[in-house]
Structures are given as structure tokens and as C-alpha cells.
2 protein chains.
Amino acid sequence: MTTTTRPLRKDAARNRERLLASARELFAERGLGVTLNDIAHHAGVGVGTAYRRFANKEEVIDALFEEGLEAIAAVAAESLAEPDAWVGVVSFLERSLEMQFGDQGLNQIMNDNALGDERIADARDRIAPLIEQLVERARVEGAVRADLDQSDLIFIQVGLSAIMQSSREIRPELYRRYLALFLDGIRSDRSDLTPLPTPALSPFDTHRAMTRDRPPGS
Amino acid sequence: MTTTTRPLRKDAARNRERLLASARELFAERGLGVTLNDIAHHAGVGVGTAYRRFANKEEVIDALFEEGLEAIAAVAAESLAEPDAWVGVVSFLERSLEMQFGDQGLNQIMNDNALGDERIADARDRIAPLIEQLVERARVEGAVRADLDQSDLIFIQVGLSAIMQSSREIRPELYRRYLALFLDGIRSDRSDLTPLPTPALSPFDTHRAMTRDRPPGS
DNA sequence: CTTAAGTGGATAGTGTCAATCCGCTTAACT
DNA sequence: AGTTAAGCGGATTGACACTATCCACTTAAG
């Protein structure tokens, strides 16, 4: 398929890199809402140039966030390599949230909703099994409560991410406080656990919840 | 000040009521994003009529949500009347979240951000001291961990509210699962509590966090 | 030196909303 | 029954925020 198109001219290639760097930066600090116009100007090139390289914003997002999700997958894998199952779970949550904290765009891709794109959805799906193992192992070892599900780690991230957004400018690390509370709710070493009122979501439903289009309001 | 303006004509009064009912309904089910146009049509009147009654959407929101916040304040007061401090905390969270679940508009006012309006901000401030008492009492009684702060209940709601939004259409009650996890993280009756990594926000900062304008992105 | 590739940015196009205006209708009062 | 101020509807205007194109100009590559 890839009919070896002749390589880009030197300046064009440079601009392409500048655009990607600029997009990476702006997505990270302002989220996916930035326009291609913003990206172009911040890169020091004209809008026309941006549109010559990328048909639309989606394409730029693709180009960047597969790598971001890959990084999260790597964190999951490393956490799985951790000898202690509990430490693995904690470190996955801590590191993954930290990454999302440093990159608003990644955060949105992880938590917000349908970035309809295939490649991104695939990458996200590649993370799921790792989380499953992470949780399963901790459960078998008795490090976490027996009724903890893999999807719980996802939704805990959704919740903490919202807290993170609301306190971001006032006390950036505040979300860690609530992560600690959550972790204390997940540990198995307590006198008696409250039975959970509703079962976890199936992987399929979790996926649906994470890819649904945002509701109309606001 | 209230120069006894002559009462509205009968049809006008009726339409005003219809508009408020319509707004209540649409805000509840779609959030504050609905336009005055939507509200008018759903009420079966023209836009002009809507604008004759209310200068803008803010005014409609005011008219409705003071009562909503008052209801939450009432829930807080009732929870405070609860003889058991722990039951009080739990019932406040449960009932307040339930209300927000049933009313997206209220949810947004509670969690989202600066609905700049004075009256609403005041009402919200009236809730804060009640929560303070609720937490203080539970802490003194030893029902919750000693390092729990009043502001924690606020942020827990922020987090759960995000979870609620993401699973709303797929499993409406899912947020209750995470409420249970959180509660288990808050209870004092466990073998050893993880020290919290960062202190809670002061009331002032909490207020700032809750009224900050949304960041540009998305 | 030639020329295809690349560039910038003004501008046209699109969609979403808030808010107004004005010809028509109707309640209220005599 | 007639008069009239109040009320009504909704097409329309204007503001805004973006997306995407076009084309005269510039430049890398051979």
C-alpha cells in the first residue's frame, strides 16, 4: 500500500516535526481543544502548512497519542513485573495518573470519551489485559479485596482525574490524597469490608462507557 | 424597591410557569447546556416569550437552582440530625449524590464550576458549615479516620460525579460501587491507615477550586 | 537556472447560540 | 362590543469560534 512516495523536502520535513512538537506541547498543556491554527502558529508556521501535512486535527492526535498510550501500556507492564502485587497496583495507578497529570491531552484520551480513532482504541484495548493481570494477581495473592475488578482501576482513574482537573491550579498534587483514600478502600487488610452494592462493569461495558460520545449538555 | 408591578396577565403567568417547568425538566435531563430556545420550544411557546420573561439563561438558572441547593442543604442538615455520626456521613453522601444523579443541572452547579451567580454561590456556602460539622462530629467520635477533612467530602463528590457521568447510560448505579470503596477508605476501623500524602484544601482554596472557570481546552 | 514542492495567511464557509424586532393575537376592562 | 396595552411567535440578525481552501510568493533540489 505504502507506494514509496518521494521523501519530503528538507524544509517540509522540518516543519512537520515542528508541528508535531508544537501539538505535543499544546495538547499536553491545554488539552485536545486547541485548534490546528493554534498549533501552526505556536510552531511558527502558517495554517496552510499545517493543513498540507495533516488533513485535520484527528490525524495529528493519532500521530501523537498512540505513543502516549503505549507509554501507559509500558507502565502497566512494568508494574506487572513488580514482584509485590500490591506494589504493582499502587505503582500503576500512581505512575499512570502522574503521566496523565502532566499531559492533559493524554488525560482526555484516557478518560474523556470517544476519540473515535481506531488506532487509539486499539492501543487502549492493549492496556486492558495488562490491567486485568495486575488485578487478578493482586486478588489471588490476597493483596486486594476479593471483589475488586479490573474495571475498577479504570473508573478510579476517571474519578481521580476529575479531582485532578478541579484542583489542578490550586494544589496540583491534591489528587494523590484521594488516591490514598481509594487505596485504603481497596486493600484487603481491614477488619471488615463493606459489601459492594453493584457488580463491576464487564470489559465490554467498560469499553462502551469509555467510548460513548459526550452527552449534549454544557 | 418592589414597586408593586401589576400582576402578569393570566396567559403570561401560565407561560412563565410552563417555561420554568420546561427548564427544570431539560436542565435535569440534559444539563445546563440547553439553550433558551430549547426551553421555549419544549415549553410549547416561542423564543420571544422566553426572552420577555427572562433576560437570559442565567436568570432561569437562578430561579431554579437556589431551591435545588437548598434541598441539598436540607439533606446535610438531616444527616447531621442522624444520631450515629458515621451513618450521617454515609447518608449525606448517598442522598446528595442520588439527587445529583437525578438532576444533571444540579450536578453541574455543584461540581462543575463558576455559575458566577451570587445567590447560588451563597447557597453553596451555606452548605459548607453543615458539612464541616458532619465531618467534625464523625472525627471526634472516631467513626472516620482522624485525618479526614470536610473538604474531602466535596472532592469525593467531584470524583464520584465524574464516574457517574461516564457510566450513566450503561449502568446508572455504578457510582455507588465506588462510593462504597471510598467509604471503606474513610472508615477508621482498619488495621493501619496509609498516611495521606498531602493535606486537605483549606475552605478558601476549596471554594476557589470549585468556582474556577473551566480551562480553555476540550 | 528551472521547476516542482512548499509556504503563509487572508478569507470564505460552517455551525452554534443569544437576543431582538415587529406584525399579529388576546386578556382585561369599560 | 369596543378599545387597548400586554403578550405572543419565530424569522432573523449578529457575534463568535473554528475549519479548511486558495493562490501569489518563496525555496530546495537537480
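We name chains A, B, ... by the order of the sequence lines, and we start the count at 1 in each one.
- Straight-line distance from the CZ atom of B:F54 to the P atom of D:dG7: 13 Å, rounded to whole Å.
- Residue B:N15 places at least one side-chain N or O closer than 4.0 Å to OP1 or OP2 of D:dC8.
- Atoms CZ (A:R16) and C1' (C:dT7) sit 17 Å apart, rounded to a whole Å.
- For B:R24, the salt bridge (charged side-chain N to carboxylate O under 4.0 Å, His left out) partners are B:E67, not counting sequence neighbours.
- Under the rule for a side-chain hydrogen bond (donor to acceptor under 3.5 Å, both in side chains), the partners of A:S79 that lie at least two apart in sequence or sit in another chain are A:S91.
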List the atom pairs, with distances to 0.1 Å, where a side-chain N or O of residues 47-56 of chain B and a protein N or O form a donor-acceptor pair under 3.5 Å, not counting sequence neighbours.
| residue | atom | partner | partner atom | Å |
| --- | --- | --- | --- | --- |
| B:N56 | OD1 | B:E58 | N | 3.2 |
| B:N56 | OD1 | B:E59 | N | 3.2 |

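- Taking B:E25 as the reference, nothing meets the salt bridge (charged side-chain N to carboxylate O under 4.0 Å, His left out) condition, with sequence neighbours excluded.
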What string of B, S and - do you get for nucleotides 10-22 of chain D 5' to 3' if you count protein non-hydrogen atoms under 4.0 Å?
B-------SBBB-
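- Contacts of residues 18-29 of chain B with DNA chain D (heavy atom under 4.0 Å): none.
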Contact pattern, 5' to 3', of nucleotides 23-30 of chain D - B, S or - by protein heavy atom under 4.0 Å
----BSS-
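- For the pair A:R177 and B:D152, the salt-bridge criterion is met [side-chain N within less than 4.0 Å of a carboxylate O].
- Under the rule for a side chain to side chain contact (heavy atoms under 4.5 Å, CB included), the partners of B:E94 that lie at least two apart in sequence or sit in another chain are B:V90, B:R176, B:L179.
- Spacing between atom CD of B:E59 and atom P of C:dA18 amounts to 14 Å, rounded to whole angstrom units.
- Every salt bridge (charged side-chain N to carboxylate O under 4.0 Å, His left out) that B:E70 has, sequence neighbours left out, goes to B:R126.
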Side chains of residues 11-22 of chain A: which donor-acceptor pairs under 3.5 Å do they make with residues two or more places apart or in other chains?
| residue | atom | partner | partner atom | Å |
| --- | --- | --- | --- | --- |
| A:D11 | OD1 | A:R9 | NE | 3.1 |
| A:D11 | OD2 | A:R9 | NH2 | 2.9 |
| A:S22 | OG | A:I39 | O | 2.8 |
| A:S22 | OG | A:H42 | ND1 | 3.2 |

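- The salt bridge (charged side-chain N to carboxylate O under 4.0 Å, His left out) test applied to B:E66 returns B:R119, not counting sequence neighbours.
- Residues passing the side chain to side chain contact (heavy atoms under 4.5 Å, CB included) test with B:P172, sequence neighbours excluded: B:F101.
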